[in-house]
Amino acid sequence: MKEIRKAACPLNCWDSCGFNVTVENDKVVKVEGDPSHPITKGKICGRGRMLETRTNSSQRLLHPLKKINGQFEQITWEHALDEIAAKLKEIKEHYGSTAVLHSHDYANNGILKNLDQRFFNCYGGVTELYGSLCWGSGIEAQKWDFGKAHSHGPEDITNSKHIIIWGRNVARTNMHFYEKLLEVKKKGAKIYVIDPIYNATAKIANQYISVKPGMDGLLAAAIIKEMLRLGLEDRQFIEQYTHGFPDLAALLEEISAEQLSEMTEVPHEIITQLAQVYADKPTATYMGLGLQRYTNGGNTIRFIDALVAISGNIGVAGGGANYANLQVGQSFVFDELTLPSRKQNHRQFSIMKQAEEVLAAVDPEIKMIIVTCGNPVTQVPDTSVVEKAFSSVDTLVVVEQYLTDTARLADYILPTSTAFEEEDIYYSSMYHHYVNYGPKLVSSPGEAKPDLWIWTELARRLGFGEDFEFSREEWHKMTFQSLEKKGVTLEQLKEQQTVELPVDTIPWQDYRFQTPTGKFEFTSLLGGPLKLAVPEESKWKNPMLAENYPYSLLTIHPLRSNHSQNYHLFPSEPKVKVEIASNIAEERSLQNGDFVRVWNERGEVKGYISVLVTAHPNTVNIDEGIWKKFGGSVNQLTSSRESDNGLGSTLYDCLVNLEKISLK
Ligand SMILES: Nc1nc2c(c(=O)[nH]1)N[C@H]1C(S)=C(S)[C@@H](COP(=O)(O)OP(=O)(O)OC[C@H]3O[C@@H](n4cnc5c(=O)[nH]c(N)nc54)[C@H](O)[C@@H]3O)O[C@H]1N2
Ligand SMILES: Nc1nc2c(c(=O)[nH]1)N[C@H]1C(S)=C(S)[C@@H](COP(=O)(O)OP(=O)(O)OC[C@H]3O[C@@H](n4cnc5c(=O)[nH]c(N)nc54)[C@H](O)[C@@H]3O)O[C@H]1N2
Ligand code: SF4
Ligand SMILES: [Mo]
């Protein structure tokens, strides 16, 4: 019998869509949008629709596997879990629990995916990762400036006169925001896109501003300088609600407008025009995550925040320095779920440098790595070091749905369920503030089991089984405690499928910032003054490097895949596409379809040229996520350096060279 069930998208994405899933004979046959979802309104993207394929594909991992003499062999769950538990026990006794590294990312937005942390905390505390490849620099930057990263609710954009899309690839990564942009544009709002690539969002903008990659902080500084010159700043806001403005003004005295224009490669007239746009309030700023994946990423976001602040666009309808919306995730209670108090030992590695840290670890060395909800061999920078580190440990356990590049290196692969095979609750702290319910719709194929079942079984074997004796309903109730006090209940969510979380839809309206001074901090008591910083891999910081490797490589998010999740499921085999600005095509006599080698001191990637007519000069892009067998990973080229505030990646701060080669 065929039925249509409501469900939720689990993918790590801005949009957190509501689904209508057609189920027939215990099988998912179609994934569509749920028209009744208040934000996503029945529209979903190809990645969402492909969850049908991800559920049913014959490439799914169906049985636990153990590598014996270099070959994977099927073993029973009993066998796999007994052996892994015995190793965990032995490692803890001989080396201490921090000899285990938990490597993870956020492949699945389900609340109960956090129970892996409960397992590791009850085990005694392992080596954990801190920071974020994704948005770390910007989150920390907004913590310094505002106290927290909060965004305006999706509807508030209808109040904006001008909308600046600053390094967010909206049409590709955040489709419901794109729909909103089309809607408000029709009503007269003006849209500006600031990006080194003339992307699909730029096509609908009233104006496209091309900027040198990594130079947005200086562009914001230039606009501030121009606003001050023209007297366009909001003096009242600056005087009453901010801290450290004189430091900023003094810093801007040190550099000329001409110099800023030259370095950002944005003409001075455009800077003047943007100063006027910011003054003609309300102007909303929507930042993406691409622009902070640079060594100067924290300062970039802080300068953009400062621009929004001096122009008086904070705490007003239609304004905002919109980056992420941590209010969403903070609606839930996690400590009772993850039990941090149970940790006896503790060690942290940076997520960016996890591979180097594994290789360098002493006291204790890393004996085992357990990977959940992540594919580090493809997604973590500097792949060759990642491969080395993940191959170096005695035991690598990978909990996966597919035989990814990371899983291939494993000693044990534990096959796990996909989202429609287990019940959970999904949200994203990126765009809207609705949480969605995802019921279990079908059984898992073969012997695949939910991650939670795996933790429960391992916990039982390690003597803390009682810590996992809760039903999904009970776990979910734990996270809903503070919401229930505000009248939002789990029952409501299950009945309505989605509920609005009680968050501020116009943050900072009361001008009470959560910083140490209670003000917006141009000079942060936590992080210090703003700095006019440039990318590490640039002609200013490293002229020799820039001479040998003259092009800036971006590795932006792919259209049809969430990171590495879909490439192997495409109907035709994916190829590496090397997109280049037209000046590079001219300099190197390259045309569409040419086969090239892109390289730097970390590695090389080969692929086919596609010329971007309107990209910023000297810019190259290769979409991230592509598997080794299809020519990846692009992270062969990227650096594991951390951003200025230590918590973000520098994935796009990457210089390369390229040359035409013949097809093998
Ligand atoms: N289709 C698709 N959608 C996704 C994802 C996916 O993998 N595929 N992933 C999801 C996740 S986890 C995330 S974090 C988000 C990311 O969402 P976005 O922030 O939209 O995505 P990015 O690909 O990081 O880059 C966004 C834009 O930044 C621009 N950019 C790069 N460097 C600079 C710079 O120095 N200055 C400026 N001004 N712009 C710059 C790029 O050209 C690109 O247009 O997307 C989510 N949505
Ligand atoms: N060069 C470059 N590198 C990047 C980026 C970039 O822009 N450029 N983007 C960065 C960003 S923003 C992010 S967020 C990261 C993403 O990095 P990852 O989260 O590591 O990327 P995914 O490809 O989504 O890989 C997740 C893996 O988890 C598995 N998985 C899915 N659901 C589950 C589940 O329920 N349980 C378990 N155990 N496994 C599951 C999937 O099969 C998949 O193989 O990549 C970062 N890396
Ligand atoms: S990947 Fe994002 S846009 Fe696509 S269906 Fe899922 S939540 Fe919606
Ligand atoms: Mo991300």
Could you give me the CA-CA distance, side-chain angles and deciding distance for Lys87 and Glu90, then say whether salt bridge (Lys or Arg N to Asp or Glu O under 4.0 Å) is met?
-> CA-CA 5 Å; Lys87 283 179 197 281; Glu90 194 196 307; over 6 Å; no
Report the C-alpha separation of Thr383 and Asn635 in whole Å, then their side-chain angles, then the decisive distance to 0.1 Å, and conclude whether the side-chain hydrogen bond (donor to acceptor under 3.5 Å, both in side chains) test is met.
-> CA-CA 5 Å; Thr383 312; Asn635 282 314; 5.3 Å; no
Salt bridge (Lys or Arg N to Asp or Glu O under 4.0 Å) between Arg461 and Glu83, worked out | CA-CA 10 Å; Arg461 285 167 173 79; Glu83 286 187 14; over 6 Å; no
Run the side chain to side chain contact (heavy atoms under 4.5 Å, CB included) check on Ile626 and Lys575 step by step: do they pass?
-> CA-CA 8 Å; Ile626 197 157; Lys575 287 186 177 149; 6.0 Å; no
Could you go step by step and tell me if Tyr437 and Gln496 meet the side-chain hydrogen bond (donor to acceptor under 3.5 Å, both in side chains) rule?
-> CA-CA 9 Å; Tyr437 175 61; Gln496 299 169 17; over 6 Å; no
For Asn436 and Thr498, run side-chain hydrogen bond (donor to acceptor under 3.5 Å, both in side chains): C-alpha distance rounded to whole Å, both residues' side-chain angles, the deciding distance at 0.1 Å, then the answer.
-> CA-CA 4 Å; Asn436 302 330; Thr498 184; 2.8 Å; yes
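Between Phe334 and Tyr427, the ring planes lie tilted relative to each other; the angle falls in the 30° to 60° range. Note on ring orientation: taking the six-membered ring where Trp is involved, the planes of Tyr402 and His568 are perpendicular (angle over 60°, cut-offs 30° and 60°). Between Phe464 and Phe119, the ring planes lie tilted relative to each other; the angle falls in the 30° to 60° range.
In this structure, the side chains of Ile556 and Asn169 come closer than 4.5 Å at one or more pairs of heavy atoms. Using a 4.5 Å heavy-atom cutoff, the side chains of Val328 and Leu501 are in contact. With contacts defined as side-chain heavy-atom distances shorter than 4.5 Å, the pair Ser649/Ser132 does not qualify. Counting heavy atoms from C-beta on, the side chains of Val100 and Leu88 come closer than 4.5 Å.
In the model, Asn121 has no side-chain atom that pairs as donor or acceptor with a side-chain atom of Arg342 under 3.5 Å. The closest side-chain donor-acceptor pair between Gln636 and Glu604, if any, does not fall under 3.5 angstrom. Side-chain contact of Thr55 with Glu52: a donor-acceptor pair under 3.5 Å is absent, judged by distance alone. Donor-acceptor pairing under 3.5 Å is lacking for the side chains of Asp411 and Thr395.
Thr555 places no side-chain N or O within donor-acceptor distance of the main-chain N or O of Asp623, the cut-off being under 3.5 Å. In this structure, the side chain of Gln379 does not engage the main chain of Pro376 through any donor-acceptor pair within 3.5 Å. Remark: the backbone N or O of Asn375 is not paired with any side-chain donor or acceptor of Thr404 at under 3.5 angstrom. With His176 contributing its side chain and Lys43 its backbone, the two residues share a donor-acceptor pair below 3.5 Å.
Atom NZ of Lys628 has 12 or fewer neighbouring heavy atoms from other residues, nucleotides or ligands inside a 6.0 Å radius. Heavy-atom contacts from other residues, nucleotides or ligands closer than 6.0 Å to NZ of Lys629 number more than 12. Taking a 6.0 Å sphere around CZ of Arg472, one finds it holds more than 12 heavy atoms contributed by other residues, nucleotides or ligands. Summarising the local packing, NZ of Lys67 is surrounded by more than 12 heavy atoms from other residues, nucleotides or ligands at distances under 6.0 Å. Counted within 6.0 Å of CD on Glu3, heavy atoms from surrounding residues, nucleotides or ligands total more than 12; the atom is thus considered enclosed.
Look at Lys477 and Glu491 and you find a salt bridge, because one of the NZ, NE, NH1 or NH2 atoms lies within 4.0 Å of a carboxylate O, short of that distance. Using a 4.0 Å cut-off between a side-chain N of Lys or Arg and a carboxylate O of Asp or Glu, Glu400 and Arg60 do not qualify as a salt bridge. Using a 4.0 Å cut-off between charged nitrogen and carboxylate oxygen, Lys449 and Glu422 do not count as a salt-bridge pair. Note on Lys343 versus Glu128: salt bridge recorded, some NZ/NE/NH1/NH2 to OD/OE distance being below 4.0 Å. The existence of a salt bridge linking Asp34 and Lys6 is confirmed by a sub-4.0 Å separation between a basic side-chain nitrogen and an acidic carboxylate oxygen.
With ring centers used as reference points, Trp475 lies under 6.0 Å from Phe470. A centroid separation of 6.0 Å or more is found between the aromatic rings of Phe349 and Tyr130.
The side-chain tip of Lys92 points at the ring of Tyr123 from less than 6.0 angstrom away and within 45° of straight on. Stacking of Lys577 on the aromatic ring of Tyr608 is not recorded, the 6.0 Å distance cut-off and the 45° axial limit not both being met. Cation-pi check for Arg168 over Trp14 is met; the charged atom lies under 6.0 angstrom from the ring centroid and within 45 degrees of its normal. The cationic atom of Arg597 (NZ for Lys, CZ for Arg) lies less than 6.0 Å from the six-membered ring centre of Trp599 and within 45° of the ring axis.
Thr22 OG1 to Lys27 NZ: the interatomic distance, rounded to the nearest 0.5 Å, is 12.5 Å. Here CG of Leu115 is found 15.5 Å from CH2 of Trp453. Values are rounded to the nearest 0.5 Å. Note: Lys113 NZ to Asp451 CG = 3.5 Å, rounded to the nearest 0.5 Å. Distance check, rounded to the nearest 0.5 Å: CG of Asp15 to SG of Cys45 gives 7.5 Å. For the atom pair CZ (Phe570) and CZ (Arg560), the distance works out to 7.0 Å, reported to the nearest 0.5 Å.
A search for side-chain contact (heavy atoms from CB on, under 4.5 Å) contacts involving Tyr106 returns Asn12, His104, not counting sequence neighbours.
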